Every structure is written in structure tokens, then in C-alpha cells.
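Working notes, beginning with the structure itself.
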Amino acid sequence: MTRWIGTSWKMNKTLAEARTYARGLREALSSRPELTEGVQPFIIPPHTALAAVAAEIGPSSSSPGSAPGVLLGAQNAHWEDSGAWTGEVSVPQVADAGASLVEIGHSERREHFGETVETTRFKVEAALRHGLIPLLCIGESAQVRQEGGAAGFLLDQARGALQGLTEEQLSRVLIAYEPIWAIGAQGRPAEVDELLEPFDVLHQEYGDRVEALLYGGSVTPANAPELLTIPGVEGLFIGRAAWSLQGYLELLQLAARPSAA
């Protein structure tokens with residue numbers, strides 16, 4: 001099984017900082033190939049740094065001097081290919097800048113920018129139309145969880161975004177379960193037993209149909225090994241613990257260790 005280990009930098013890093021991180025990642029993975037054994041790394045810079053990071057790590061895993069196997073993602077993209085959408089970027093534009101993956105439906109986008117189930121569906125379709133991997137983020141609030149409606153809420157978010165896709169299209173989708181109560185600076189790290197039911201539900205519905213099911217929510221080197229033992233978890237989507245290069249490399253090593261043994 002391939003484990004997907006990725007990080008979104010959110011609204012962080014200047015061009016210089018992004019280049020330094022990407023260059024260090026390329027050098028580390030080129031000299032330590034064991035870090036990518038059984039692992040699919042991906043990083044999601046802000047739009048301003050996407051092209052610069054792509055230039056540092058190389059356009060593909062087979063290019064001389066590139067970072068082996070690293071995929072680049074965009075944190076958002078509009079569903080239209082072009083047009084009068086001031087401030088937005090399209091899937092063709094992020095692909096042109098080096099992205100092969102698009103993050104869709106993060107809870108911060110839903111809360112602050114009006115992302116809906118309908119718009120996540122439009123964006124998933126746009127990413128697939130242009131050959132990019134949609135990374136669909138889903139997750140419930142603490143209130144929904146306390147009221148006992150988490151499983152249904154997650155399935156509604158996922159089904160709404162993925163409805164109408166063929167099985168072939170669905171097989172190219174990543175789903176990241178990120179409970180809202182467990183993410184961000186104020187997030188509370190989830191206990192393993194709190195994640196068993198959500199992943200059981202998601203695995204039953206999508207486990208053999210999508211590319212991978214990931215977990216994201218206050219992931220650190222301390223809890224990553226245990227999170228990766230949860231049935232149905234096929235990778236991790238990491239925030240601040242991977243914003244430093246050393247942090248990300250440590251998490252790659254933890255994920256790759258069983259494969260390299």
C-alpha cells in the first residue's frame with residue numbers, strides 16, 4: 001500500500017522561504033531514497049510560490065535532479081477554465097504553474113469563503129477534466145459530533161462533491177478527513193478511538209473506490225505512527241508540523257519505515 005504524506009503551507013512562506021524548503025526537499029530525497037519507499041509525498045504551497053517550487057523540485061519524478069516522486073498541489077482553483085472571476089485562479093492556470101493536485105473544500109474555505117457542497121462538486125469535476133488529482137477535504141464541527149451526526153455529515157459532504165463521477169474518475173480522487181475540532185492552532189488532537197467510526201464509514205463507502213483516504217488534524221511526529229495504524233487510513237495530510245523541512249522529512253521517515261524494513 002502506498003501511503004500519501006502531504007502538507008499544505010496555507011498562507012505562509014515567501015518566495016525565498018518556499019525555494020529554500022523545496023531545494024532542501026529535493027536534495028534530501030535525492031540522497032535518501034528510502035524516505036519515499038512506499039510513500040507518495042506531496043506539498044501544497046500558496047499560489048504565489050507554486051511555479052517557484054515546481055522549478056526547484058523539478059516537473060516530474062523522472063526528471064534529472066528532481067525531487068523523486070513529489071507531487072505539487074494548489075490550495076484552491078475555480079471551476080471555470082477562464083473568465084471574469086477577479087482574484088480567482090483556474091485549474092489550467094495552476095496546472096501551468098506546476099500543480100498536479102488541487103485541494104478542494106477545506107473547512108477554512110467553507111467557513112470563510114462560502115465554499116459549498118455544490119461548489120466542491122464543480123471543482124472536483126474541473127480538476128478531473130484537466131487531469132489533476134482532486135484532494136477533497138471533509139470534516140465535521142464539534143457540535144455535529146456531539147450531536148451524534150458525524151458519520152452522516154461526512155457522507156453528505158463526500159457524496160455531494162463526488163456525485164455523478166464514473167468509477168474511473170472516482171479512482172483518481174483523494175479524500176482527506178479533517179475534523180474541524182482537531183485542526184488549526186486551537187485544534188485538539190483526536191484520540192484514535194474517535195477516528196475509528198469515521199474511517200470505518202468512509203472506508204465502507206469509498207475505500208476500494210478512491211485513490212486513498214487520508215487523515216488530517218493536529219498530526220505530529222508523536223502521533224503519526226499511531227494514526228497510520230487506524231484501519232482505512234492510507235496517509236496523512238499535515239499542517240504546521242510539516243511547515244519546517246525537518247518536520248516534513250521526519251514524518252516521511254515515520255511513514256516509510258514499515259515499507260523500508
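Because the structure is predicted, anything quoted here is derived from the model rather than measured.
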Euclidean distance, L213 CG relative to L136 CG, rounded to 0.5 Å | 10.5 Å
What's the spacing between E211 CD and Q40 CD if we round to 0.5 Å?
-> 8.5 Å
Would you please name every residue forming a salt bridge (Lys or Arg N to Asp or Glu O under 4.0 Å) with E140, sequence neighbours left out?
-> R145
Would you say the side chain of E205 lies within less than 4.5 Å of the side chain of R159, judging by non-hydrogen atoms?
-> yes
Between L214 and I44, is there a shared hydrophobic cluster once you connect ILVMFWY residues whose side-chain heavy atoms come closer than 4.5 Å?
-> yes
d(R19 CZ, K13 NZ) to nearest 0.5 Å is 14.0 Å
Of all heavy-atom pairs between V94 and L50, which one has the smallest distance, and what is that distance?
-> O-CD2, 3.6 Å
So, E234 side chain and T2 main chain: donor-acceptor pair closer than 3.5 Å or not?
-> no
Please collect all ring-ring contact (aromatic ring centres under 6.0 Å, His included) contacts where either partner lies in residues 155-193, sequence neighbours excluded, each pair once.
-> Y177-F199
Look at the side-chain heavy atoms of Ile, Leu, Val, Met, Phe, Trp and Tyr, link any pair under 4.5 Å apart, and say whether L245 and L15 land in one connected group.
-> no
Student check: side-chain heavy atoms of T48 and T14 closer than 4.5 Å = no
In chain order, what residues pass the ring pair (Phe, Tyr, Trp, His ring centres under 6.0 Å) check against F237, with sequence neighbours excluded?
-> F42
Taking all non-hydrogen atoms of both residues, which atom of G239 and which atom of T7 are closest, and how far apart?
-> O-OG1, 3.5 Å
Determine, step by step, whether L154 and V201 satisfy the side-chain contact (heavy atoms from CB on, under 4.5 Å) criterion, reporting the C-alpha distance in whole Å, the side-chain angles of both residues, the deciding distance to 0.1 Å, and the verdict.
-> CA-CA 9 Å; L154 296 175; V201 168; 6.0 Å; no
Contacts of I183 that satisfy side-chain contact (heavy atoms from CB on, under 4.5 Å) - sequence neighbours left out = H106, S107, E178
Separation between CD1 (I104) and OG1 (T119), nearest 0.5 Å, reads 9.5 Å
Pick one: which of V53, T20, I43 meets side chain to side chain contact (heavy atoms under 4.5 Å, CB included) with L25?
-> I43
Q253 side, atom CD; T36 side, atom OG1 - distance, nearest 0.5 Å | 12.5 Å
Show which side-chain atoms of residues 218-229 pair as donor or acceptor with protein atoms under 3.5 Å away, not counting sequence neighbours.
{"from": "S218", "atom 1": "OG", "to": "A182", "atom 2": "O", "distance (Å)": "2.6"}
{"from": "T220", "atom 1": "OG1", "to": "A222", "atom 2": "N", "distance (Å)": "3.2"}
{"from": "T220", "atom 1": "OG1", "to": "N223", "atom 2": "N", "distance (Å)": "3.3"}
{"from": "T220", "atom 1": "OG1", "to": "N223", "atom 2": "OD1", "distance (Å)": "3.4"}
{"from": "N223", "atom 1": "OD1", "to": "T220", "atom 2": "N", "distance (Å)": "2.8"}
{"from": "N223", "atom 1": "ND2", "to": "S218", "atom 2": "O", "distance (Å)": "3.0"}
{"from": "T229", "atom 1": "OG1", "to": "E226", "atom 2": "O", "distance (Å)": "2.6"}

Closest heavy-atom pair, A77 versus S90, reported as atoms and distance to 0.1 Å, is CB-C, 4.1 Å
Under a single-linkage definition using a 4.5 Å side-chain heavy-atom cutoff for Ile, Leu, Val, Met, Phe, Trp and Tyr, are W243 and L72 assigned to the same hydrophobic cluster?
-> yes
State, yes or no, whether a side-chain contact exists between I230 and Y215 at a heavy-atom distance under 4.5 Å.
-> no
Do L196 and P231 come close enough that some side-chain heavy atom pair is under 4.5 Å?
-> yes
Separation between CD (E103) and CZ (R109), nearest 0.5 Å, reads 9.5 Å
State, with a plain yes or no, whether a side-chain heavy atom of Y248 is found less than 4.5 Å away from one of P41.
-> yes
Same apolar cluster: V233 and L252, side chain cutoff 4.5 Å = yes
Take L202 and I138, measure what side-chain contact (heavy atoms from CB on, under 4.5 Å) needs, and give me the verdict at the end.
-> CA-CA 11 Å; L202 290 171; I138 60 175; 3.8 Å; yes
Output, in order, the C-alpha distance, side-chain angles, deciding distance and verdict of side-chain contact (heavy atoms from CB on, under 4.5 Å) for E17 and Y21.
-> CA-CA 6 Å; E17 291 167 340; Y21 186 114; over 6 Å; no
Tightest non-hydrogen contact, residues S30 and P33, listed as O-CD, 4.2 Å
Under the 3.5 angstrom rule, does the side chain of R110 hit a backbone N or O of G105 as a donor-acceptor pair?
-> yes
Verify, without hydrogens or angle tests, whether E167 (side chain) and R209 (backbone) share a donor-acceptor contact under 3.5 angstrom.
-> no
Answer with yes or no whether the hydrophobic clustering places V117 together with V144; edges join I, L, V, M, F, W, Y residues whose side-chain heavy atoms lie under 4.5 Å apart.
-> no
Check: Q75 and E108 side chains under 4.5 Å, non-hydrogen atoms = no
Considering only distance and modelled atom types, tabulate donor-acceptor pairs under 3.5 Å from the side chains of residues 121-133, sequence neighbours left out.
{"from": "R121", "atom 1": "NH1", "to": "G160", "atom 2": "O", "distance (Å)": "3.2"}
{"from": "K123", "atom 1": "NZ", "to": "N76", "atom 2": "OD1", "distance (Å)": "2.7"}
{"from": "K123", "atom 1": "NZ", "to": "E115", "atom 2": "OE1", "distance (Å)": "2.9"}
{"from": "K123", "atom 1": "NZ", "to": "E115", "atom 2": "OE2", "distance (Å)": "3.2"}
{"from": "R129", "atom 1": "NH2", "to": "W79", "atom 2": "O", "distance (Å)": "3.2"}
{"from": "R129", "atom 1": "NH2", "to": "D81", "atom 2": "OD1", "distance (Å)": "3.1"}
{"from": "H130", "atom 1": "NE2", "to": "D81", "atom 2": "OD1", "distance (Å)": "2.8"}
{"from": "H130", "atom 1": "NE2", "to": "D81", "atom 2": "OD2", "distance (Å)": "3.3"}

